[in-house]
Asks: 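The structure under discussion is supplied below as structure tokens; questions concerning it will follow.
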Amino acid sequence: MTLPLFGLGTFRLKDQVVIDSLSMALELGYRAIDTAQIYGNEAEVGQAIAASGVARDQLYLTSKIWTDNLGADRLIPSLKESLHKLRTDHLDLTLIHWPSPKGAVPVAEFMGALLEARAQGLTREIGVSNFTIDLLRQAIAVTGPGQIATNQVELHPYLQNRRLVEFMQTQQVAVTSYMTLGYGKVLQDPLIQEIATQHNATPAQVTLAWAMQLGYAVIPSSTRRDNLAGNLKAVGLRLDDADMARIATLDSGLRLTDPAGLAPQWD
């Protein structure tokens, strides 16, 4: 399996809203879907997929294990619950959503359980989310090199996370960028708007194309069909070297997701 560069995120989308969003996305041609146990929408995601008529083997389905389920006695049972809600017998990618708060569950324990889940055929690939360089080192020590498909992290033009990205690239861990549009803040940036005008594109398309050209996977979400269709067009947008260099100058270290009690000490 190869991690798709473009997919649909479902964070903050619930009930009929996520069903409608996903149904429209699948009609438009989206085939990678990202959800999580804590999103509270796995059942609705499963419902929308079942109703779409798109074959399971045409989809790349990702979910994430919540921190309450990191213990070796909880991880696999919770994953099976997720599979039941999603109406599938396996995930394509299962991530650890956040490292265990204050190290309550050792990295070796939950990564070992994740390896066992893969061995049981419950997931094809494994990965992590919100992991620092140190935490990634610990995880790789458990799994061995080349086994962690991705680390999903906040990454956008205002937070380019270069130290972490460089380390991940040395370890063959793919980058998945969440919040690529920076809660919409990036779309108001004059430089992004200028580049968008030059390419007859939208600021969202420019920002998503920037991330994908760097080799990062993106998982934007929307509840509007025109935005879903517009975001998908980012796959075909090509920025030139000057555009990429200009966007690189926007990095300011602005972190938008830093939940107290949950976030690790960032790099």
Side-chain angles (χ1 to χ4, degrees), residues 2-14 17-36 38-39 41-42 44-45 48-49 52 54 59-64 92-93 95 97 127 129-130 149-161 165 174-189 191-193 195-196 199-239 243-244 247 250 254-257:
T2 302
L3 182 73
L5 278 185
F6 189 88
L8 179 75
T10 62
F11 177 52
R12 291 185 169 177
L13 306 184
K14 292 191 175 185
V17 173
V18 75
I19 292 171
D20 292 344
S21 173
L22 180 50
S23 298
M24 289 186 289
L26 291 170
E27 286 178 14
L28 290 166
Y30 284 69
R31 290 298 180 264
I33 304 159
D34 181 278
T35 183
I38 198 64
Y39 295 174
N41 64 14
E42 288 177 316
E44 289 77 14
V45 168
I49 290 171
S52 73
V54 177
L59 299 173
Y60 190 96
L61 188 54
T62 300
S63 194
K64 311 178 197 76
D92 297 290
L93 175 62
L95 306 178
H97 202 155
S129 181
N130 299 299
T150 191
N151 181 21
Q152 188 178 116
V153 294
E154 179 185 346
L155 195 151
H156 44 75
Y158 296 154
L159 181 69
Q160 298 187 25
N161 250 323
V165 168
V175 177
T176 299
S177 158
Y178 73 74
M179 214 175 291
T180 316
L181 306 181
Y183 279 145
K185 292 179 184 293
V186 172
L187 307 185
Q188 307 305 317
D189 190 275
L191 174 57
I192 297 292
Q193 292 180 343
I195 294 172
H199 287 272
N200 194 27
T202 66
Q205 289 164 0
V206 166
T207 307
L208 295 168
W210 162 79
M212 286 187 283
Q213 275 182 230
L214 290 171
Y216 310 156
V218 296
I219 44 172
S221 65
S222 181
T223 58
R224 297 177 53 188
R225 188 183 185 93
D226 55 346
N227 286 345
L228 289 166
N231 289 345
L232 190 56
K233 290 180 180 178
V235 174
L237 176 61
R238 190 72 190 173
L239 304 178
D243 296 329
M244 297 296 286
I247 295 173
L250 295 178
L254 176 64
R255 187 175 296 280
L256 300 171
T257 302

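The first residue of the sequence shown is numbered 1, and numbering continues consecutively from there.
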Asks: Determine yes or no for a side-chain-to-main-chain donor-acceptor pair under 3.5 angstrom, with Asn231 supplying the side chain and Pro220 the backbone.
Replies: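 Pair absent, no side-chain N/O of Asn231 close to backbone of Pro220.
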
Asks: Given side chain to side chain contact (heavy atoms under 4.5 Å, CB included), test Asp189 with Thr207 step by step and report yes or no.
Replies: CA-CA 11 Å; Asp189 190 275; Thr207 307; over 6 Å; no

Asks: How long is the gap from CG on Leu59 to CZ on Arg31, to the nearest 0.5 Å?
Replies: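 The distance works out to 6.5 Å.
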
Asks: Short question: side chain of Asn41, backbone of Lys14 - any donor-acceptor pair under 3.5 Å?
Replies: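 No, because the side chain of Asn41 does not come within donor-acceptor range (under 3.5 Å) of the backbone of Lys14.
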
Asks: Could you state the interatomic distance from CG (Leu95) to OG1 (Thr35), rounded to the nearest 0.5 Å?
Replies: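 With rounding to 0.5 Å, CG (Leu95) is 11.0 Å from OG1 (Thr35).
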
Asks: Measuring from atom CG of Leu13 to atom CG of Asp20, what distance do you get when rounded to the nearest 0.5 angstrom?
Replies: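 One finds 10.5 Å between CG of Leu13 and CG of Asp20.
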
Asks: List the residues meeting side-chain contact (heavy atoms from CB on, under 4.5 Å) with Pro4, not counting sequence neighbours, and say none if there are none.
Replies: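 With sequence neighbours excluded, Pro4 shows a side-chain contact (heavy atoms from CB on, under 4.5 Å) to Ala32, Tyr60, given in chain and number order.
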
Asks: With rounding to the nearest 0.5 angstrom, report the CG to CG distance, Leu208 to Leu5.
Replies: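 Leu208 CG to Leu5 CG: 11.5 Å, rounded to 0.5 Å.
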
Asks: Has the side chain of Glu154 got a donor or acceptor atom that lies under 3.5 Å from a matching backbone atom of Ser177?
Replies: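 Not at all, since once roles are kept as given, no pair shorter than 3.5 Å links the two residues.
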
Asks: In chain order, what residues pass the side chain to side chain donor-acceptor pair (under 3.5 Å) check against Asp34, with sequence neighbours excluded?
Replies: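 Side chain to side chain donor-acceptor pair (under 3.5 Å) list for Asp34, sorted by chain: Lys64, Gln152.
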
Asks: For Tyr178, check ring-ring contact (aromatic ring centres under 6.0 Å, His included) against everything at least two apart and list the hits.
Replies: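 Applying ring-ring contact (aromatic ring centres under 6.0 Å, His included) to Tyr178 gives none.
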
Asks: Which heavy-atom pair separates Ala234 from Ala209 by the least distance, and what is that distance?
Replies: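 Nearest pair, atom of Ala234 first, then Ala209: O-CB, 3.8 Å.
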
Asks: Dump the intermediate steps for side chain to side chain contact (heavy atoms under 4.5 Å, CB included) on Val153 and Val165, then the final yes or no.
Replies: CA-CA 10 Å; Val153 294; Val165 168; over 6 Å; no

Asks: With salt bridge (charged side-chain N to carboxylate O under 4.0 Å, His left out) as the rule and sequence neighbours excluded, what pairs involving residues 200-225 come up?
Replies: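 Output for this query lists Glu27-Arg225, Arg224-Asp226.
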
Asks: List the atom of Thr150, the atom of Ala174, and the distance in Å for their closest heavy-atom pair.
Replies: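 Nearest heavy atoms, Thr150 then Ala174: OG1-O, 2.7 Å.
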
Asks: Under 3.5 Å, which donor-acceptor pairs link side chains of residues 210-219 to any protein atom two or more places apart or in another chain?
Replies:
from   : atom 1 : to     : atom 2 : distance (Å)
Gln213 : OE1    : Leu239 : N      : 2.6
Gln213 : NE2    : Leu239 : O      : 3.1

Asks: Scan Val17, Val45, Thr10 and name whichever one has a side-chain contact (heavy atoms from CB on, under 4.5 Å) with Leu22.
Replies: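 Exactly one candidate clears the test, Val45.
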
Asks: Donor-acceptor check, side chain of Gln205 to backbone of Gly230, threshold 3.5 angstrom: yes or no?
Replies: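 A pair under 3.5 Å: yes.
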
Asks: Taking all non-hydrogen atoms of both residues into account, name the closest pair between Val186 and His156 and its distance.
Replies: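 Scanning both residues completely, I find the closest heavy atoms to be CG2-CB, 4.3 Å.
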
Asks: Give, for atom CG of Leu159 and atom CZ of Arg255, the distance between the pair rounded to the nearest 0.5 Å.
Replies: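 The CZ atom of Arg255 is 5.0 Å from CG of Leu159, to the nearest 0.5 Å.
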
Asks: By ring-ring contact (aromatic ring centres under 6.0 Å, His included), which residues pair with Phe6, not counting sequence neighbours?
Replies: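 Applying ring-ring contact (aromatic ring centres under 6.0 Å, His included) to Phe6 gives Tyr30.
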
Asks: Measure the CD1-CD1 distance between Ile247 and Ile195 for me, rounded to the nearest 0.5 Å.
Replies: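 Nearest 0.5 Å value for the CD1-CD1 distance: 4.0 Å.
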
Asks: Write down the atom of Asn151, the atom of Asn130, and the distance for their closest heavy-atom approach.
Replies: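 Looking at all heavy atoms of both residues, the shortest contact is OD1-N, 3.5 Å.
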
Asks: Is the ring pair Tyr39/Phe11 parallel, tilted or perpendicular, if the boundaries are 30 and 60 degrees?
Replies: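 Rings of Tyr39 and Phe11: tilted, as their planes differ by 30° to 60°.
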
Asks: Might you point out which heavy atoms bring Ala25 and Leu8 nearest each other, and give the distance in Å?
Replies: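 The pair with the smallest heavy-atom distance is CB-CD2, 3.8 Å.
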
Asks: Which atom names give the shortest non-hydrogen contact between Tyr158 and Lys185, and what distance separates them?
Replies: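 Closest pair (atom of Tyr158, atom of Lys185, distance): OH-O, 4.0 Å.
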
Asks: Whether the side chain of Ser21 engages the backbone of Val18 through a donor-acceptor N/O pair (distance < 3.5 Å, no angle test) should be reported.
Replies: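 No; judged by distance alone, with no hydrogens or angles, the pair does not exist.
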
